[in-house]
Amino acid sequence: MTTSSDERWLFTAGDDGIVAKWDLYAGDDQGTGVMRTDRSVYSLLYLPGDRLMAGTSDGTLYVCDLSSREILVKTNKSSAAIYNLWFDPGAGVIWCLQAKGGLTLYQSEDMREITHRQISDNNLRCVCESPEGTHMFVGASDNRIYVLEKNDASVAHSWEAHKNSVFALAVVPESGLLISGGMDAYLNVWDVKNQIKLIKSLPAHNFTVNDIVFSPDGKYFATASRDKSIKLWNSVTFDLLKVVSFEKNMAHRHSINRVKWLNADQSLISCSDDRRVIRWNVLLN
């Protein structure tokens, strides 16, 4: 799940290989197909020039011109699934995280490969930028978080962060603390400005923490889990504020894979293995 830079359009995809476009300003929008791939889509990324990138289960990258719906690029470096995509607007570089530990950097304008590195023997699952903007944090299925140099993706450091795969990473906007979520269902809070130090460990969910996102004002963050729930937290105290579940809120019936907090109205969007996308009005005061 991703949005256009102006948050007018939402893009979703799934196992059927179809990428759909939704108008976030139209309450009754039924969605429109904009791209069809040959395999399940695991990752989406909106790019400048009104382009959309999709990464699939067989390692194929697609780039689509959203105006014409023409496939501009279809490339496959390996058969390893593409689990995450991240864009550095300052450098114009795309980070492509794959199964079996591969990381490839591409120039966004022409999809020229810049570098490829083997970071781990296990899947690379998630990525976020360091508070100072000089490094990247990458979470992997070997239970570790890797600190990579942003300029060349070389490994500067790594540490064991969870008892199982690291699925989600996010930096607290105000404090610069790093939050990680794992298959062990824990949220771990790290001081990463000096030496790596565990500040807090929270038994957050019943199953894997799939995603972590912050509210536009940075006061709150949301976690999405395989246990079918969304939880809302205080960004300073890390206190649990609200649980959104099917039993309480008629939410999702299966694993919630991604959440997105919109800037315009501070609504929260969730997508799930139950093939539904839900938009939530968040009331925490």
Side-chain angles (χ1 to χ4, degrees), residues 42-43 45 55 77-78 80-108 113-202 204 208-214 218 221 223 233 235 238 258:
Y42 285 176
S43 52
L45 178 66
K77 182 177 178 62
S78 76
I82 299 170
Y83 284 121
N84 215 313
L85 295 164
W86 183 82
F87 178 58
D88 177 2
V93 173
I94 299 161
W95 289 57
C96 176
L97 281 66
Q98 293 190 268
K100 303 177 184 178
L103 170 68
T104 307
L105 272 55
Y106 295 96
Q107 194 66 46
S108 65
E113 182 180 318
I114 300 171
T115 188
H116 176 79
R117 292 191 182 276
Q118 191 69 31
I119 305 300
S120 168
D121 292 330
N122 290 271
N123 303 338
L124 303 184
R125 290 288 187 174
C126 51
V127 60
C128 73
E129 190 175 17
S130 68
E132 70 281 359
T134 57
H135 294 83
M136 300 297 295
F137 298 114
V138 171
S141 291
D142 58 7
N143 314 349
R144 304 185 74 80
I145 295 174
Y146 291 84
V147 184
L148 306 185
E149 300 287 349
K150 193 175 177 183
N151 59 348
D152 64 359
S154 60
V155 177
H157 180 59
S158 73
W159 75 96
E160 186 168 335
H162 286 267
K163 295 179 180 178
N164 213 313
S165 298
V166 182
F167 266 59
L169 292 170
V171 170
V172 183
E174 185 68 26
S175 65
L177 296 172
L178 176 68
I179 304 179
S180 61
M183 191 181 282
D184 58 9
Y186 272 74
L187 285 177
N188 288 338
V189 183
W190 306 91
D191 182 349
V192 292
K193 289 186 176 179
N194 299 303
Q195 295 182 346
I196 306 298
K197 181 181 178 182
L198 181 63
I199 302 297
K200 192 181 289 286
S201 187
L202 302 168
T208 306
V209 179
N210 286 325
D211 204 6
I212 304 169
V213 295
F214 281 87
F221 66 94
T223 56
W233 309 78
S235 296
F238 301 101
R258 290 289 182 266

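This is a predicted model, so every value here is computed, not measured.
Distance check, rounded to the nearest 0.5 Å: CG of Leu169 to CD1 of Ile145 gives 5.0 Å. To the nearest 0.5 Å, atoms CD1 (Ile199) and OG (Ser201) are separated by 11.5 Å. One finds the CG atom of Leu105 at 5.5 Å from the CD1 atom of Ile114 (value rounded to the nearest 0.5 Å). If you take CZ on Phe221 and CZ on Phe214, they are separated by 6.0 Å, rounding to the nearest 0.5 Å. Remark: Ile94 CD1 to Leu45 CG distance equals 6.0 Å, nearest 0.5 Å. Residue Leu103 holds its CG atom at 9.5 Å from CD of Gln118, rounded to the nearest 0.5 Å.
With sequence neighbours left out, the side chain to side chain contact (heavy atoms under 4.5 Å, CB included) criterion links Pro131 to Phe137, Val171, Val192. The salt bridge (charged side-chain N to carboxylate O under 4.0 Å, His left out) test applied to Asp191 returns no partner, not counting sequence neighbours. In this structure, the side chain to side chain contact (heavy atoms under 4.5 Å, CB included) partners of Glu160, at least two apart in sequence or on a different chain, are Asn143, Arg144. Shown here are the side-chain hydrogen bond (donor to acceptor under 3.5 Å, both in side chains) partners of Trp86, two or more places apart in sequence or in another chain: there are none. In this view, Tyr83 and Tyr42 satisfy the ring pair (Phe, Tyr, Trp, His ring centres under 6.0 Å) rule, not counting sequence neighbours. For Ser154, the side-chain hydrogen bond (donor to acceptor under 3.5 Å, both in side chains) test picks out Asp152, with sequence neighbours left out. Scanning for side-chain hydrogen bond (donor to acceptor under 3.5 Å, both in side chains) contacts around Lys77 gives Glu113, with sequence neighbours left out. With sequence neighbours excluded, no residue forms a ring pair (Phe, Tyr, Trp, His ring centres under 6.0 Å) with Tyr186. For Glu132, the side-chain hydrogen bond (donor to acceptor under 3.5 Å, both in side chains) partners at least two apart in sequence or on another chain are Ser130, Thr134, His135. Here Ser43 pairs with Ile82, Leu85 under the side chain to side chain contact (heavy atoms under 4.5 Å, CB included) rule; sequence neighbours left out.
Shown here for Arg125 and Ser141, the closest heavy-atom pair between the two residues is NE-OG, 3.5 Å. Between Met136 and Val127, the closest heavy-atom pair is CE-CG2, 3.5 Å. The two residues Asp142 and Ser120 have their closest heavy-atom pair at OD2-OG, 2.8 Å. Scanning all heavy atoms of the two residues, the minimum distance from Cys128 to Leu178 falls at SG-CD1, 3.8 Å. Here the shortest heavy-atom pairing between Ala99 and Ala80 reads O-CB, 3.3 Å. In terms of heavy atoms, Gly102 sits closest to His116 at CA-CE1, 4.0 Å.
Among pairs with a residue in residues 167-180, those fulfilling side chain to side chain donor-acceptor pair (under 3.5 Å) read His162-Ser180, Ser180-Trp190, at least two apart in sequence or across chains. Evaluation of the salt bridge (Lys or Arg N to Asp or Glu O under 4.0 Å) test over residues 81-93, restricted to residues two or more places apart or in two chains, returns Asp88-Lys150.
In this structure, Leu187 and Phe238 have side chains that are not in contact, with every pair of non-hydrogen atoms separated by 4.5 Å or more.
Listed for the Asn188 side chain is no donor-acceptor partner under 3.5 Å among the backbone atoms of Leu198.
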Run the side-chain contact (heavy atoms from CB on, under 4.5 Å) check on Thr208 and Ser165 step by step: do they pass? CA-CA 9 Å; Thr208 306; Ser165 298; over 6 Å; no

side-chain contact (heavy atoms from CB on, under 4.5 Å) for Leu124 and Trp95? Distances and angles first, verdict last. CA-CA 11 Å; Leu124 303 184; Trp95 289 57; over 6 Å; no

